[in-house]
Structure formats: C-alpha cells, structure tokens
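Structure, as structure tokens:
Counting starts at 1 for both ligands and their atoms, following the listed order.
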Amino acid sequence: MQEKVIKRYTKAAGGLDALKASLAALSAQHIVAKGMATLRNANQPAGFDCPGCAWPDRNHQSSFEFCENGVKAVAAEATEFRVTADFFARHTVSQLMEEDDYTLESHGRLTAPMRYEASTDRYEPIAWADAFALIARHLQALPSPEQAVFYTSGRTSNEAAFLYQLFVREFGTNNLPDCSNMCHEPSGIGMKAQIGVGKGTVTLDDFNRAEAIFIFGQNPGTNHPRMLAELRDAARRGCRIVVFNPLRERGLERFADPKHAFELLGGETQLAARYYQPQIGGDLAVAKGLIKAVLEAGAEDVPFIAEHTEGFGALRSEILAEPWSAIEASSGLSAAQIREAADIYMHSRATILTWGMGITQHQHSVATIQMLINLLLVGGNIGKPGAGACPVRGHSNVQGDRTMGIYEKPDATFLDRLGAAFDFAPPRKHGFDVIAAIEAMLAGEARVFFAMGGNFAAATPDTARSWAALRQCALTVQVTTKLNRSHLVHGQEALILPCLGRTEIDRQASGPQGVTVEDSMSMVHISQGINAPASPQLMSEPAIVAHLAAACLPASRTPWLWLIEDYARIRDKIAEVVEGFADFNTRLRAPGGFYLGNRARERRWQTASGRAQFVCHALPVWPHADFRLMTVRSHDQYNTTVYGLDDRYRGVFGHRRVCFINRADLARLGFRAGEWVDITSLWQDGERVARQFLLVEYDIPVGCLASYFPETNGLVPLSAFADGARTPASKSIPVRLSRGTPPAR
Ligand SMILES: Nc1nc2c(c(=O)[nH]1)N[C@H]1C(S)=C(S)[C@@H](COP(=O)(O)OP(=O)(O)OC[C@H]3O[C@@H](n4cnc5c(=O)[nH]c(N)nc54)[C@H](O)[C@@H]3O)O[C@H]1N2
Ligand SMILES: Nc1nc2c(c(=O)[nH]1)N[C@H]1C(S)=C(S)[C@@H](COP(=O)(O)OP(=O)(O)OC[C@H]3O[C@@H](n4cnc5c(=O)[nH]c(N)nc54)[C@H](O)[C@@H]3O)O[C@H]1N2
Ligand SMILES: [Mo]
C-alpha cells in the first residue's frame, strides 16, 4: 500500500504537471472541448468569475486567468454527468450513504427538484411550486421564526445573498450562519476591534511594491494557485518571501508558471527566501517574538505609533517581559530563527502579512491575528503602498456575502437601512452561528434547516452530533448544484433544490443576467455565465429566493418577482442599503469592476477612539496530549468536494486516509510509515475516534500531525472553537494514535 500511495514529488509547483492535471480534470468530466471554450471566459470582463477561490485577478482582464484548481472547479460544474430523477429511483438514500464523498460528487449535476419520500427511502420528483409550498407550510407552522436556520456557503452571488438575507429578516430572524463562521470569522473579529475594518487592507498593486511578504498558515499552491504568480513576480524583483508553516508545502518553495514557456520546460522560481516550521498553533508566540526583536532593536515606527495608535506602552512592557524561552517553547522555533525573520521585517520598508486557515482555526486564533496586526502596526505597515494585512479568503464570494448582510450579528445601521428600503421592521436579536445552529437543532429548538449552497453535514465539526442535529429537523432544504452528504443526512422531510452554477446562462424576463461578486481584496465585478444550463429545470439562486419569499411571506411589501426580472433592480436596492455601493449599476460597467475602498488603508481608524489599537495577549496554554492534529485540504479537493484522490505536491496518490507524521515520532511510538492507525481526539466531554489512517513520514515538527478534512471532522469537538469567534478549532485537535487495522479489500 505504502509503495503505491507515497511517491516523493521533487518538481516545482505548477509547471507541465499542472497543465496535465488540468487536461485530465476536463477529460474526467468528458468536456475537453467545452471545457477549453468555457475556460477562455474565466475571469474575463465579459465572462464568469472563477467559482474556485477568492484571490483577485489582475484587472480581471488578462488573457489567461485561471489555474489548475480553477479548472477543476469549472470542470466539476460544467461536467457532462447528470443526476436525474431516474438516478434517484435506482438508489435509496441508505445505499447512497455507503458511497464516499468522491463517488457522490462524481455522479454529476443535479437536474430536478426532489422531495424525500420516507416510505421508499428515495428522493422523488416534485414541482417547484409544490416545493415552495411545502417550505412555506413548515415555516408558517413554527411557533417562532427563530426556530428556522438559514445557512449560506460562499459561492452565492451578491444579488442572491442580498435577497436571501432580506427574505430571512422579513420572515423574522437573524439566524444566518455561514461558512465564514468556520473560516475567516476570527480575522474579521480581530481586525475590526483593532483597525476598524474586518477585511484585508491591501490590493494586488501592493504585491508589486512590497519589499517583504510574510505568509502564515496558508497553502496557496493548492488553495489559491493564482497567488503563486504574484509571489513569483515579487520574488523575481527581489521581494523577500518569508513563510511560517509546520508543513513543507511545495507551492511555497518553488514555482514554475505554466503561463511561461521557459518555466514549462523546467525553469522555476524560488519563492520562500526563508521557510520556518513552527509547531501547530505556535504563531502567536512567533508574532510576539517578531515584535520583541523589533522592540529590542529599537526599530519600531515611532511617528506612526504616536500619530495613529493607542496601547503601545502596555504592549511594549508585556512583550519585553515575555522571556525568549517561553516564546521558543510555545512557537517551536529558536530565538535565533525568529530574530533572523525579524531582521527581514525591519529591513523591509513595506511588508504584507498574509494568512489562511492555519491561523484562523485554533482556540487562540483571534489573539494570534491581533498579534499579527500588532506586528504590522509596530512597523507602520498599514496604510502605505506595498504594505498591509491580507487575510486570504476562501470561497469566491464569501467576502461579498458578508457585505450583503449574510451575518448572524448584523449591525444596527445596516438593519435600519434595510428596514427603511423595504418598509419593514427587521429583527434585532442576534441569530445563530454555525455552532449555535447545531446546538439549537440538537436541542429541538430549531426545526427547519435551509442551506443556500455548501455541504453543512460534511463541513461542520463533530460529525456525529452535526448529523444528529440535521436528522432531528422537521425539514431540511439544500439549494445545491451537486449531490453531497447533506442531501443524505436529512430531516423528517427533505428537499433538494438544484440551481444554476456560475458558468451557466441565467435567463430572466429581461434577458440573460449577470451577477456580482467581491474578491478577497474588495474588488466588485460582474460575472456572466456562458454555458447552457445543466438542465432546463434549474432555477437561479435569486429566483429561488424570490419564489420562496413570494410563497412564504404573503404580507410582504417587497416586489419579489419584479426584482428578479432584471437583476439591475436588485442592485439598485443594494445601492440604497449597503454602504459603498452608490451608483452600483453604473460603476459596474468599468472593465474589471470597482474597488470598495478600505478606511484603514487610508489610515482612518473606525474604532471608538479613532486610533488603531494595540492589544496584548498571553501565550496559549495547551491541553495535554501526545499530538496536535491539523485537518487540511489535499490538492484534489474543494472543501468537501473531492475531485480526485491525489495530493501531488505532498506526494500522496490514490488515497485520502493518510496521517502525516515526523520520523522521530514514528520511532518514539515504535510505528513504521505505511502502518495503519486509529486517531483518537481527547476532550473534556469524551473521546472521538477516526479509524484506518495510513501513516506517512513527512517533514512536519515533532508532536504535530496532519490529515485531510472532511474525513477527520468527527474528531473536532463541537465545543472546541476560537475564543471570541467560535470558529471550530480544526487545525489543533489534541489526539493520540493507536495501532489500527488495514481496510478490508
Ligand atoms: N483548490 C482549492 N482551493 C480552495 C479550497 C479548496 O478546498 N481547494 N478552499 C477554499 C477555502 S473555503 C479556503 S478557506 C481556502 C483555504 O486555504 P488554506 O488557508 O491554504 O487552507 P488549508 O488547506 O486548510 O491549509 C492551511 C495551511 O495552514 C498550515 N497550518 C496548519 N496549522 C498551522 C499552524 O498552526 N500554523 C501555521 N503557521 N500554519 C498552519 C497547513 O500546513 C496548510 O499549509 O482555500 C480556498 N480555495
Ligand atoms: N476539519 C475541517 N473542517 C472544515 C475546514 C477545515 O479546514 N477543516 N474548513 C472550513 C472552511 S474554511 C469552510 S469555508 C467550510 C466549507 O463549507 P461549505 O461551504 O458548506 O462546503 P463546500 O464543500 O464548499 O460546499 C460544496 C457544495 O456546494 C454546492 N455548490 C457548489 N457550487 C454551488 C453554487 O454555485 N450554488 C449553490 N447553491 N451550491 C453550490 C455543491 O452542491 C457542493 O456539494 O468548511 C469548513 N470545515
Ligand atoms: Mo473557507
């Protein structure tokens, strides 16, 4: 097994293999010609926004703006395979439950609305109107609107998200949990308190000017491959790239840009000038150490600190009092390594810090992010060209969805404007986030679960409890494009509502419609599908919301069906309600769209005192355990969507149940690479086990393990989450290993 599965990958990221993998992805979906034609329109002014990640494009108008994993995302949507009513007639839900996520995904696009029939354990066709009437009956029967939960995943367009939150609030609740709760929530919360905005402060132009880029806990070679082109250009002009990541990730080390003929033939660019491997969760200590080295050298930006900030004195004393030994123990790096990195920071006149899930998915993630912002502030690195904070978002419109009001804790100003524009009184009580929603369903306090996209059953922590929660609902509804676990783990009644994807033509009364999205750097632009819909029965997300609202809210004063005749009408309403969107329809005409702006970037701090805040945080105290386990993405998956079974850059092929471990730990435990183990997570409320993982020796610190999600989600306790942000701590699960048995077969 081990010999077949593990092959060291020695090449740079990208290169010819990325092109080969792209072609293979198209061919696996039987769409080589259609796929090529489709991809020519990806990230073009007149085309669609790539449904992959939220990394921005150069003006959204270069000629080749997609990447291998963008191709996989597009291919998964443009596939020739279909899940028809006939398919559901042939398979019971219990039979489908036996299939893994990869097989479920590979059946293709959903084609018709379906209703679960308990007597046959099958999904059966239902007319759209009957589906909306069924949902209306359930919602109207609830004693309180707070017993319904409305989840959103981050592919949903601005137009759909805006209508959806309006519907939910007219219905009477702020129960709008979203994938952000499991993702960059700590970034938004940490940054807002310090600098008054919860979004990144840089634009792509800053990547051209930075003298140093520090990358924490992010794997762009897999998850934001277009970022590698920016890093490549930066490295080539002498910008110093410094990486902090427990794992050696090829995409951060070396890159061959498939767009450059020379690099295809083996030329490559060295990306990271320095690559440090702290232990899992060691970044708060790393950030403290970097600040300490700056302070010890007297290299802080005194005028910036004096003019723009508050709380420096307290931070300074706290950090100078923190012994290097404590920083070393908590970070897993030596003081010399941290000083070396700090030296690069001090010599750079403009530094960008980027981060991803390796920072946000820990118990102390808000504290870590705030320490990273402290580091930027100490060096005056916010609000000048080439410098700033860059939380790299995940889903292609996750940032836009929040801007549109998909948030369980909306602020009063937003609600006031929404109420005024649509003549109703929005509910003020905060709603459920993802964890609270699961708890409420478990307690029987939430009875209807509606999902606008995503795969709640597979993406959430504590799989056993999440599934029990969904199964306890009276009704679960999934608006989706592909078959997934959340269709199979359902309530007493259940609906599948299939929708158009981003690549497809969305025709409404006034003609084909475009939708808008906001990328990770606050650029808003239009996205227009070009392919024929996967089935004539698909509805667009905005149309689904409008028809649902018309069925559920007979007394609503909102002209739901009129709004969707022409999405420009929705945008006019967005312009009225959402700050920064004045003249939305006009500004959208600029090629590449428009920039929403960012006050912190202008050094205008929207905090109580009008100054940026330094915040102190103690080093974390860890629960005692043999190992900390991080759950990460392989190269062949998009969150819970598994496209393939390889993780090329990490050298894993044809298998997903692997556990990366350091050689010294193998020796200490008397295990060999290639052996099978069970992983047990340790928590106050008891133990959770995931079985049959293949041990893979890897360049990872002692005491740290890595496996893929969602196979390991069952190990993440529901109550293990980020302080202050409630993001599941899925990157630092306390676990132990025990000898397992090889899978039968
Ligand atoms: N192809 C593809 N693209 C995607 C996605 C996908 O699944 N597939 N998902 C999208 C989404 S929703 C998101 S949020 C992003 C996710 O993109 P990433 O943030 O890159 O997500 P992960 O794969 O979870 O990888 C996290 C990285 O953090 C490192 N890490 C783990 N723990 C720690 C730690 O304690 N400290 C440090 N310094 N590093 C740590 C891991 O080694 C890994 O390199 O990508 C988006 N883009
Ligand atoms: N253990 C662990 N758990 C994690 C993470 C982790 O790193 N480790 N990461 C977390 C993160 S960062 C995130 S963002 C969440 C992701 O959580 P989700 O966003 O809920 O999950 P996805 O896997 O992205 O959702 C995939 C499904 O979306 C549907 N879909 C695709 N395109 C469209 C569309 O255009 N419209 C609609 N309506 N549906 C569509 C398809 O049916 C597909 O099956 O998972 C989180 N869970
Ligand atoms: Mo995410």
Just jot down the salt bridge (charged side-chain N to carboxylate O under 4.0 Å, His left out) partners of Asp100, sequence neighbours excluded, or say none.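 Asp100 satisfies salt bridge (charged side-chain N to carboxylate O under 4.0 Å, His left out) with no residue once adjacent residues are dropped.
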
Quick one: look at Glu105 and ligand 2, take heavy-atom pairs under 4.0 Å, and tell me if it's side chain, backbone, both or neither.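 Neither part.
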
What part of Thr481, side chain from CB on, backbone N/CA/C/O, both or neither, has a heavy atom under 4.0 Å from ligand 2?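 Both backbone and side chain of Thr481 come within 4.0 Å of ligand 2.
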
Establish, for the pair Arg155 and Tyr638, whether the NZ or CZ atom is under 6.0 angstrom from the six-membered ring centre and no further than 45 degrees off its axis.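 Judged by the rule (NZ or CZ under 6.0 Å from the ring centre, within 45° of its axis), Arg155 counts as positioned above Tyr638.
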
Tell me whether the NZ or CZ atom of Arg248 lies within the 45° cone about the ring axis of Tyr698 and under 6.0 Å from its centre.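 No, Arg248 does not lie over the aromatic ring of Tyr698.
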
So if I count the atoms of ligand 2 from 1 in the order they appear, which ones are less than 4.0 Å from some heavy atom of [X]?
X      : answer
Val479 : 37 (C), 38 (N), 39 (N)
Tyr151 : 17 (O), 18 (P), 19 (O), 20 (O)
Asn713 : 1 (N), 2 (C), 3 (N)
Gly453 : 37 (C), 38 (N), 39 (N)
Glu541 : 34 (C), 36 (N), 37 (C), 38 (N)
Asn484 : 27 (C), 42 (O), 43 (C), 44 (O)
Cys499 : 36 (N), 37 (C), 38 (N)

For the side-chain hydrogen bond (donor to acceptor under 3.5 Å, both in side chains) test, which of Thr152, Asn158, Thr156 pairs with Asn397?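 Testing Asn397 for a side-chain hydrogen bond (donor to acceptor under 3.5 Å, both in side chains) against Thr152, Asn158, Thr156 leaves exactly one candidate, Asn158.
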
Proximal protein residues to ligand 1, non-hydrogen atoms under 4.0 angstrom: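 Ligand 1 pocket, heavy atoms under 4.0 Å: Cys53, Asn69, Cys183, Gly217, Gln218, Asn219, Thr222, Asn223, His224, Phe244, Asn245, Pro246, Leu247, Glu249, Ile280, Gly281, Asp283, Gly356, Met357, Gly358, His362, Gly394, His395, Met630, Val632, Arg633, Gln637, Tyr638, Asn639, Lys731.
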
Report the relative orientation of the aromatic rings in His490 and Tyr123; use parallel for angles under 30°, tilted for 30 to 60°, perpendicular for over 60°.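 Correct class here is perpendicular.
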
Classify the ring geometry between Phe216 and Phe244 as parallel (under 30°), tilted (30 to 60°) or perpendicular (over 60°).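 Geometry flag for Phe244 against Phe216: parallel rings.
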
Quick check on Asn455 - does any of its heavy atoms sit under 4.0 Å from an atom of ligand 2?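 Under 4.0 Å: yes for Asn455.
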
Check: Leu110 and Thr480 side chains under 4.5 Å, non-hydrogen atoms: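 Sidechains of Leu110 and Thr480: in contact.
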
Is Ile338 close to Leu290 at the side-chain level, that is, under 4.5 Å between some pair of heavy atoms?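 The answer is yes; the side chains approach within 4.5 Å.
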
Would you confirm whether the ring centroid of Phe456 sits within less than 6.0 angstrom of the ring centroid of Phe449?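 Yes, the ring of Phe449 comes within the 6.0 Å limit of the ring of Phe456, centre to centre.
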
Would you sort out whether Tyr164 and Asp401 count as a side-chain hydrogen bond (donor to acceptor under 3.5 Å, both in side chains), showing the intermediate values? CA-CA 10 Å; Tyr164 183 52; Asp401 289 345; over 6 Å; no

Nearest 0.5 Å, what's the CG-NE2 distance between Leu96 and His487?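 Rounded to the nearest 0.5 Å, the CG-NE2 separation comes to 11.0 Å.
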
